[in-house]
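Both backbone and side-chain heavy atoms feed into the values below; hydrogens, waters and symmetry mates do not. Because the structure is a prediction, the values reported are computed rather than measured. Sequential numbering from 1 along the given sequence is applied to the chain's residues.
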Amino acid sequence: MNTTKTTECSIVASVFNEHEGIEAFYKELSATMETLQISYEILFVNDGSRDNSLELLKAIAENDAHVKVVDFSRNYGHEAAMIAGIDHSAGNFVICMDSDLQHPPVSIPQIKEKMDEGYDVVTMVRKKREDASVFQEFRSRTFYKILNKMSDVTLDENASDFFAISKRVVAILQTDYRERTRFLRGIIQTVGFKKTSIEYVAQKRFAGKSNYSFFKLLKLSLAAISSFSKLPLQIGVVTGLFFMFASVLLLIYSLVMWILNTPISGYTTLVVALCAFAGIQLFVMGIIGIY
């Protein structure tokens, strides 16, 4: 007889230099999970932290059988950390969230209600971020508007890396979408299963500062665009065709001038044209390389 206990919920939390707030996050998360009275596990993924985050996580795991720690050899990034946690999860549904308390554990009962109703994907849509500047809020809204305009699919605006997925979505992510560059919060919205969303208010960070620099955000934005839109590639192709047509016209013009024995002036124009063609070629090759 099989006596293996089924885990109902897995919580995946990525950690990168969060030693100042890990214990507070763990206590609040554990208290919330205990109120649900379900079997659960907490998977902390240490994304190559350079502080003492790993030591704190190991100490927590030693005193709580619900806690497991996945340790990266170096910093691979937030998306990779979430995928690793999902790969190691055993729950009937998985909740991914940050460990800085900006993703409030008190929202988990609402998520469970939606999963119990039969939803396979629950996206948490940020209604407000308490520590965000006007520019940051504008930047976030603009990013999603541009992405939705460029993409064939429509993603929830202000959707975050706080989400829940069912076991069958987990199975898909464990076998498909294994590319190195991912936009996970977008991928889960395109798998085609029953989906809903819940609004939440992102609290101020409990401690420390955000590890997402401008360049990391830019990299994530490029990953999102290359994952969900063919428009940059199409622009490159159309631009290449336009300049190829222009070069044919220039060739015809040059031949006509040669036949008429008329000197062709415009050496500077020719050099500019060659530079433009070389630039377009490199631009298109770069786009192809990204894809």
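In the hydrophobic clustering of ILVMFWY residues, with side-chain heavy atoms under 4.5 Å counting as a link, Ile42 and Leu54 come out together. The hydrophobic clustering, which links ILVMFWY residues whose side-chain heavy atoms are closer than 4.5 Å, places Val106 and Met124 apart. Both Val70 and Leu184 belong to a common hydrophobic cluster when Ile, Leu, Val, Met, Phe, Trp and Tyr are linked at side-chain heavy-atom distances under 4.5 angstrom. Grouping the Ile, Leu, Val, Met, Phe, Trp and Tyr side chains by contacts below 4.5 angstrom, directly or via other members, places Leu101 apart from Leu56.
With Ser53 contributing its side chain and His19 its backbone, the two residues share a donor-acceptor pair below 3.5 Å. Between the side chain of Ser39 and the main chain of Thr6, a donor-acceptor pair closer than 3.5 Å is present. At distances below 3.5 Å, at least one donor-acceptor pair connects side-chain atoms of Thr35 with backbone N or O atoms of Thr32. With hydrogens and angles ignored, the 3.5 Å screen pairs no side-chain donor or acceptor of Thr7 with any backbone N or O of Gly91. Between the side chain of Ser89 and the backbone N or O of Val94 there is no donor-acceptor pair closer than 3.5 Å. In this structure, Asp100 contributes its side chain and Gln102 its backbone to a donor-acceptor pair below 3.5 Å. In this structure, Thr175 contributes its side chain and Ile172 its backbone to a donor-acceptor pair below 3.5 Å.
With values rounded to the nearest 0.5 angstrom, Thr123 atom OG1 is found 11.0 Å from Lys114 atom NZ. Taking CG of Asp47 as the start and CG of Asn75 as the end, the distance is 4.0 Å to the nearest 0.5 Å. Put simply, CZ on Phe44 and OG on Ser49 are 11.5 Å apart, with the number rounded to the nearest 0.5 Å. We find the CG-CD distance between Asn46 and Glu18 to be 10.5 Å, quoted to the nearest 0.5 Å. Atom SG of Cys9 is separated from atom CD1 of Ile38 by 5.0 Å, given to the nearest 0.5 angstrom. In this structure, NZ on Lys194 lies 11.0 Å from CE on Met115, to the nearest 0.5 angstrom.
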inquiry  = Checking Ile108 against Met33 for the side-chain contact (heavy atoms from CB on, under 4.5 Å) test, could you report, in this order, the C-alpha distance in whole Å, the side-chain angles of both residues, the deciding distance, and whether it holds?
reply    = CA-CA 8 Å; Ile108 291 177; Met33 296 307 296; 3.9 Å; yes

task = Check step by step if side-chain contact (heavy atoms from CB on, under 4.5 Å) holds for Ser107 and Ile198.
result = CA-CA 9 Å; Ser107 298; Ile198 299 173; 5.8 Å; no

task = Verify side-chain contact (heavy atoms from CB on, under 4.5 Å) between Asp176 and Val191, making sure each step is shown before the conclusion.
result = CA-CA 10 Å; Asp176 299 323; Val191 292; over 6 Å; no

ask   = Stepwise, does the side-chain contact (heavy atoms from CB on, under 4.5 Å) test hold for Glu8 with Tyr40?
value = CA-CA 6 Å; Glu8 189 166 349; Tyr40 69 93; over 6 Å; no

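Leu43 has its side chain out of reach of Ile11: every pair of non-hydrogen atoms, C-beta onward, lies at least 4.5 Å apart. Contact annotation: the side chain of Phe25 approaches that of Met97 to within less than 4.5 Å [non-hydrogen atoms, C-beta and beyond]. Looking at Ile95 and Ser10, their side chains never come closer than 4.5 Å, going by heavy atoms from C-beta outward. Side-chain contact between Ile165 and Phe93 is absent, with no heavy-atom pair separated by less than 4.5 Å. Within the 4.5 Å cutoff, the side chain of Cys96 has no heavy atoms near those of the Asp161 side chain. The shortest side-chain heavy-atom distance between Ile83 and Glu79 does not fall under the 4.5 Å cut-off. Val15 has its side chain out of reach of Val45: every pair of non-hydrogen atoms, C-beta onward, lies at least 4.5 Å apart. Taking 4.5 Å as the limit, every side-chain heavy atom of Ser166 sits out of range of all side-chain heavy atoms of Asn92.
Among residues at least two apart or in separate chains, ring pair (Phe, Tyr, Trp, His ring centres under 6.0 Å) pairs with a member in residues 155-174 are His103-Phe162, Phe162-Tyr200.
The side-chain contact (heavy atoms from CB on, under 4.5 Å) test with Glu41 is passed by exactly one of His88, Lys68, His66: Lys68.
Taking a 6.0 Å sphere around CD of Glu117, one finds it holds more than 12 heavy atoms contributed by other residues, nucleotides or ligands.
Taking the ring centre of Tyr76 as origin, the terminal cationic atom of Arg74 falls inside the region bounded by 6.0 Å and 45° from the ring axis.
Lys195 and Asp120 are not joined by a salt bridge, as no carboxylate oxygen comes within less than 4.0 angstrom of a charged side-chain nitrogen.
Taking each heavy atom of Ser99 and Ser14 in turn, the nearest pair found is OG-O, 2.9 Å.
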